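Here is the structure we will look at, set down as C-alpha cells.
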Amino acid sequence: MEKALKQQAGRIEALCAPQDHDSANRGFEIEIAKLKTEIASLKANRPRGPPFDAPVLISLNEVCSLTSLSRTAINRWRSLGLFPAAVPLGDKRVAFVKGEVEQWICDRITGRDRSNADLEQETSPAV
C-alpha cells in the first residue's frame, strides 16, 4: 500500500511541474481516471466478511434455535458449566461462539450413540 502511495505522489508531482494549463488539466483528468480504475479494482478484490478462520458469534436466540433449548435451560446449563461459555459484548448483551455450540451439539449426539451402543451390548444374548 505504501509503495502505491509513493507512486501516486510521484505522478502528482509530475503533473504539478510547470507546463501549460491545458496539458496539466488533461494530465490530471487522465490521472483521476486511472485512480478511479485502481480504486474500483481494489474494491472488487477486497475480502468480504470476516477472515476465513475468524470465529462467528451468534445470539442467545440463535443458540436456542440451534439447540431447541429454552433460554432458561441454556442459562441453567451454563451456570453448571455444562454448556459453552458466553462472550460478553456489552452490559446486557452476550453471544456464543457458533463453532463451540455446534461442537456441544455433536458431543451430545456422540454421547447418545455411545449410550445406545452400550445398551445394545447389554441386551444382546451371549453367544
Side-chain angles (χ1 to χ4, degrees):
M1 186 63 129
E2 191 173 319
K3 184 179 176 182
L5 290 174
K6 286 181 182 179
Q7 288 174 344
Q8 299 302 332
R11 289 180 189 169
I12 292 171
E13 285 178 22
L15 291 172
C16 292
Q19 44 184 293
D20 68 82
H21 186 66
D22 289 336
S23 63
N25 281 342
R26 279 192 301 274
F28 276 118
E29 289 170 2
I30 293 169
E31 205 56 37
I32 288 171
K34 286 180 184 177
L35 289 172
K36 286 181 179 178
T37 303
E38 287 179 37
I39 289 170
S41 172
L42 290 172
K43 283 182 179 179
N45 294 329
R46 74 176 170 200
R48 307 238 187 263
F52 186 70
D53 59 347
V56 175
L57 296 178
I58 57 175
S59 69
L60 182 55
N61 287 339
E62 290 173 288
V63 171
C64 291
S65 187
L66 277 174
T67 61
S68 75
L69 294 171
S70 68
R71 296 168 71 96
T72 304
I74 289 170
N75 287 327
R76 186 178 319 118
W77 285 56
R78 281 177 50 209
S79 68
L80 295 171
L82 301 173
F83 196 81
V87 178
L89 299 177
D91 291 340
K92 296 181 180 183
R93 181 86 171 150
V94 297
F96 295 83
V97 178
K98 185 176 183 181
E100 292 175 1
V101 174
E102 290 171 339
Q103 184 60 51
W104 181 86
I105 293 168
C106 289
D107 292 345
R108 302 288 294 177
I109 293 169
T110 302
R112 174 205 62 190
D113 293 344
R114 253 191 256 123
S115 295
N116 287 343
D118 291 345
L119 284 174
E120 287 176 11
Q121 286 180 356
E122 289 176 9
T123 58
S124 65
V127 180

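We use all heavy atoms of the structure for the numbers below, so side chains are in, but hydrogens, waters and symmetry mates are not. Quick caveat: nothing in here was measured; it's all calculated off a predicted structure. Along the sequence shown, the residues carry numbers beginning at 1.
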Hey, does Ile105 have a side-chain heavy atom less than 4.5 Å from the side chain of Leu66?
-> yes
Quick one: are Ile58 and Val97 in side-chain contact, heavy atoms under 4.5 Å?
-> no
Spatial distance of atom CZ (Arg76) from atom CG (Leu69) [nearest 0.5 Å] | 9.5 Å
Would you mind reporting whether Arg71 and Val63 have side-chain heavy atoms less than 4.5 Å apart?
-> no
Residues Glu62, Ser65; criterion side-chain hydrogen bond (donor to acceptor under 3.5 Å, both in side chains); working and verdict = CA-CA 5 Å; Glu62 290 173 288; Ser65 187; over 6 Å; no
Taking the side chain as every heavy atom from C-beta outward, state whether Phe96 and Arg78 have any pair of such atoms under 4.5 Å apart.
-> yes
First locate atom OG1 of Thr72, then atom CH2 of Trp77, and finally report the distance between them rounded to the nearest 0.5 Å.
-> 14.0 Å
Are Leu60 and Leu57 connected, step by step, through hydrophobic side chains (Ile, Leu, Val, Met, Phe, Trp, Tyr) whose heavy atoms are closer than 4.5 Å?
-> no
List the atom of Cys64, the atom of Ile74, and the distance in Å for their closest heavy-atom pair.
-> SG-CD1, 3.7 Å
Do the side chains of Pro88 and Arg93 get nearer than 4.5 Å, heavy atoms only?
-> no
Just checking, is any N or O donor in the side chain of Ser41 or Glu38 under 3.5 Å from an acceptor N or O on the other one?
-> no
Here the gap from Glu100 atom CD to Asp107 atom CG, rounded to the nearest 0.5 Å, amounts to 11.5 Å
Say whether, by atom type as modelled, one donor and one acceptor occur between the side chain of Trp104 and the main chain of Leu82 under 3.5 angstrom.
-> yes
Check the hydrophobic clustering (I, L, V, M, F, W, Y; side-chain heavy atoms under 4.5 Å; chains of links allowed) and say if Leu80 and Phe83 are grouped together.
-> yes
Output the distance between atom CD1 (Ile32) and atom CD (Glu29), rounded to the nearest 0.5 Å.
-> 7.0 Å
